[in-house]
Amino acid sequence: TASDPIVFTITRSVTTTTAITINLTWTGTATLTTDYTLTAGNGTLAANGSTITLAAGVTSATITLTPVDDSAVEGTENVTLTLAAGSGYTVGALGAATGTIADNDTLPTLSISSASTTEGNGGKKTVSLTVTLSAVSTSVVTVAYATADLTALASEDYVATSGTLTFAPGQTSQTISVQVNGDRTLEADEIFQVTLSAPSSATIALGTGFITILNDDRALMAATTSLESTEQTSLRVEEATPLLMAAVELWASSGVAMGSVGKAITLTVADLPDGILALTSDTAIILDLDAAGYGWFVDATPLDSSEYVKTESGLAARPNSDAYGRMDLLTVLAHEVGHALGYEHTESGLMSEYLTGGARKLDVSASDDTVVDIPIEMAFSGAGRKRIHWMDDLFA
């Protein structure tokens with residue numbers, strides 16, 4: 001540091017009655033002005049340190065090398081002063097000397113982030129973790145990384161990955177990319193880790209990152225991508241709560257034993273990815289903010305389907321109704337309550353994993369008081385299939 005300088009002493013003998021200019025050469029891993037500065041005592045030093053002049057009668061002079069104190073981690077550096085040949089003198093036996101500059105800055109530290117992602121229904125999805133260097137380094141920094149199983153398995157859930165990250169001088173951030181395998185298997189959320197090891201020119205502060213694979217096989221998806229270009233109004237939990245109560249009532253009135261499920265259900269609204277309308281984990285239902293871009297039809301009279309007409313495929317919203325082109329929140333909530341009760345996806349009906357804008361998948365009375373008899377097929381996990389009809393008197 002600046003408080004610990006290096007002093008070189010240059011001495012002449014024989015003729016001292018005249019001035020003398022001595023040529024100097026500086027070598028080593030340290031650099032003048034960047035890593036150190038020079039000052040002279042009892043002599044005149046050139047600005048670039050290439051010469052020093054001793055006046056008549058002066059037998060010795062000093063050159064003080066003062067290290068530049070900075071925050072860069074540079075490691076140990078050295079400086080060698082050599083007396084070069086010149087006019088009016090010869091270089092003695094001790095014509096060179098070396099000084100060492102020890103870095104007082106600690107090595108930067110490496111930290112890795114964590115991430116989560118929905119797995120998707122097939123193919124591979126790339127997840128990235130960020131590895132950060134705590135400070136700029138003038139040296140190249142490297143660190144190895146490798147994935148490791150926890151509850152997620154490399155043979156099934158993700159692609160095992162390993163390698164080495166290299167930070168060039170000045171770089172402070174790099175990414176590790178890992179591929180997650182999508183499937184349609186109903187399973188719990190899973191997790192695996194990415195671990196840093198064997199750093200060079202750095203130490204590890206946070207060496208393990210975790211990737212959580214969020215199971216979305218209970219996710220209700222929009223059947224097609226929304227073509228809406230205008231921003232939809234974000235759903236609020238208080239708007240959805242009355243329809244949740246109606247969905248629970250429909251299930252209970254259909255003869256299904258609700259137990260404590262109905263009262264245990266909680267609602268959350270979030271910005272869900274990839275066309276997901278809703279997700280259910282145990283009894284926690286998460287609804288997308290804007291119904292994957294379609295916007296929600298929040299039915300003020302959920303037990304009256306006058307906004308819909310019967311078609312061959314079910315109930316379709318009338319073109320002049322508020323339900324037209326929008327996702328029916330009642331259908332979505334009834335679907336998610338089904339998941340909370342333990343039902344899985346089916347190929348059609350209420351528990352189908354896809355919903356079309358403007359569709360309603362419930363047995364409800366039409367506006368002309370005739371009963372629309374649409375069977376709702378559901379499947380219990382490991383218990384076969386079961387057909388359920390909503391009780392007609394709910395819609396009287």
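We count residues from 1, following the sequence as given.
For Ala154, the side-chain contact (heavy atoms from CB on, under 4.5 Å) partners at least two apart in sequence or on another chain are Asp149, Tyr158, Ala160. Under the rule for a side-chain contact (heavy atoms from CB on, under 4.5 Å), the partners of Ala84 that lie at least two apart in sequence or sit in another chain are Asn23, Thr25. Contacts of Thr175 classified as side-chain contact (heavy atoms from CB on, under 4.5 Å), with partners at least two apart in sequence or in another chain: Thr130. Under the side-chain contact (heavy atoms from CB on, under 4.5 Å) criterion, Tyr324 pairs with Ala317, Pro319, Ser321, sequence neighbours left out.
Two residues are said to be in side-chain contact when any heavy atoms from C-beta on lie closer than 4.5 Å; Trp251 and Leu350 meet this criterion. No side-chain heavy atom of Val14 sits under 4.5 Å from any side-chain heavy atom of Tyr89. In this structure the side chain of Ile6 never reaches within 4.5 angstrom of the side chain of Val79, judged on heavy atoms. Using a 4.5 Å heavy-atom threshold, the side chains of Tyr145 and Ile112 count as separate. Counting heavy atoms from C-beta outward, Ile176 and Leu196 have side chains that approach closer than 4.5 Å. Looking at Val337 and Met258, their side chains come closer than 4.5 Å, going by heavy atoms from C-beta outward. Inter-residue side-chain proximity for Ile285 and Leu244 is flagged as met; some heavy-atom pair is nearer than 4.5 Å. Residues Leu333 and Leu267 are in side-chain contact: their nearest non-hydrogen atoms beyond the backbone lie under 4.5 Å apart.
A pairwise comparison of heavy atoms in Ala202 and Leu110 identifies CB-CD1, 4.0 Å as the closest pair. Contact detail for Thr80 and Thr98: the closest heavy-atom pair is OG1-OG1, 2.8 Å. In terms of heavy atoms, Glu190 sits closest to Thr151 at CA-OG1, 3.4 Å. Across all their heavy atoms, Ala222 and Tyr294 have their closest contact at CB-CE1, 3.8 Å. Minimum interatomic distance between Tyr343 and Val256 (heavy atoms only, all atoms of both residues): OH-CG2, 3.7 Å. For the residue pair Glu239 and Ser234, the shortest heavy atom distance occurs at OE1-O, 4.1 Å.
Within the 3.5 Å criterion, the main-chain N or O of Val261 finds no donor-acceptor partner in the side chain of Thr283. A donor-acceptor pair is defined here as one N or O able to donate and one able to accept, closer than 3.5 Å; such a pair exists between the side chain of Trp296 and the backbone of Asp288. A donor-acceptor pair is defined here as one N or O able to donate and one able to accept, closer than 3.5 Å; no such pair exists between the side chain of Arg236 and the backbone of Val269. Judged by distance alone, the side chain of Thr195 and the main-chain N or O of Thr208 form no donor-acceptor pair under 3.5 Å. Using modelled atom types, no side-chain atom of Thr212 and backbone atom of Ser116 make a donor-acceptor pair closer than 3.5 Å. Under a 3.5 Å cut-off, the side chain of Trp26 and the backbone N or O of Gly49 do form a donor-acceptor pair. Without hydrogens or angle criteria, Arg326 side chain to Val298 main chain gives no donor-acceptor distance under 3.5 Å.
Asp4 CG to Ile101 CD1: the interatomic distance, rounded to the nearest 0.5 Å, is 10.0 Å. Here Asn181 contributes atom CG and Ser155 contributes atom OG; the two are 9.5 Å apart, rounded to the nearest 0.5 Å. Taken from CG in Leu315 to CG in Asp328, the straight-line distance is 9.0 Å, to the nearest 0.5 Å. Rounding to the nearest 0.5 Å gives a distance of 8.0 Å between CD of Glu353 and NE2 of His335. Atom OG1 of residue Thr331 and atom NZ of residue Lys361 lie 8.0 Å apart, to the nearest 0.5 angstrom. Going from atom CD of Gln193 over to atom CD1 of Ile211 covers 10.5 Å, rounded to the nearest 0.5 Å.
Within a 6.0 Å radius of CG in Asp322, other residues, nucleotides and ligands contribute 12 heavy atoms or fewer.
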(Q) Let's go through Val141 and Thr166 carefully: what are the C-alpha distance in whole Å and the side-chain angles of both, what is the deciding distance for side-chain contact (heavy atoms from CB on, under 4.5 Å) to 0.1 Å, and is it a yes or a no? (A) CA-CA 6 Å; Val141 174; Thr166 300; over 6 Å; no

Q.
Run the side-chain contact (heavy atoms from CB on, under 4.5 Å) test on Leu329 and Phe297 for me, step by step, so that the C-alpha distance in whole Å, both residues' side-chain angles and the decisive distance to 0.1 Å come before the verdict.
A. CA-CA 6 Å; Leu329 184 56; Phe297 171 50; over 6 Å; no

Q: With side-chain contact (heavy atoms from CB on, under 4.5 Å) as the test, would you mind laying out the steps for Ile63 and Ile10 before giving the verdict?
A: CA-CA 8 Å; Ile63 299 176; Ile10 300 172; 3.9 Å; yes

Q) Could you go step by step and tell me if Thr172 and Val136 meet the side-chain contact (heavy atoms from CB on, under 4.5 Å) rule? A) CA-CA 6 Å; Thr172 57; Val136 172; 3.9 Å; yes

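Residues Thr280 and Glu336 bring a donor and an acceptor atom of their side chains to less than 3.5 Å of each other. Thr142 and Ser200 share a donor-acceptor pair across their side chains, judged by distance under 3.5 Å alone.
Within the structure, every pair that satisfies the salt bridge (Lys or Arg N to Asp or Glu O under 4.0 Å) test and touches residues 292-302, not counting sequence neighbours, is listed here: Asp299-Arg360.
Note on Leu150 and Val194: separate hydrophobic clusters, where clusters join Ile, Leu, Val, Met, Phe, Trp and Tyr whose side-chain heavy atoms are under 4.5 Å apart, directly or indirectly. Linking ILVMFWY residues whenever their side-chain heavy atoms come closer than 4.5 Å, directly or via other members, leaves Leu341 and Met245 in distinct clusters. Linking Ile, Leu, Val, Met, Phe, Trp and Tyr whenever their side-chain heavy atoms come within less than 4.5 Å leaves Leu355 and Val309 in two separate clusters. Note on Ile286 and Ile276: same hydrophobic cluster, where clusters join Ile, Leu, Val, Met, Phe, Trp and Tyr whose side-chain heavy atoms are under 4.5 Å apart, directly or indirectly. The same ILVMFWY cluster, assembled from side-chain heavy atoms under 4.5 Å apart, contains both Val127 and Val131.
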Would you give me the side-chain donor-acceptor pairs under 3.5 Å for residues 35-47, sequence neighbours excluded?
residue : atom : partner : partner atom : Å
Asp35   : OD2  : Thr31   : N            : 2.7
Asn42   : ND2  : Ser60   : O            : 2.9

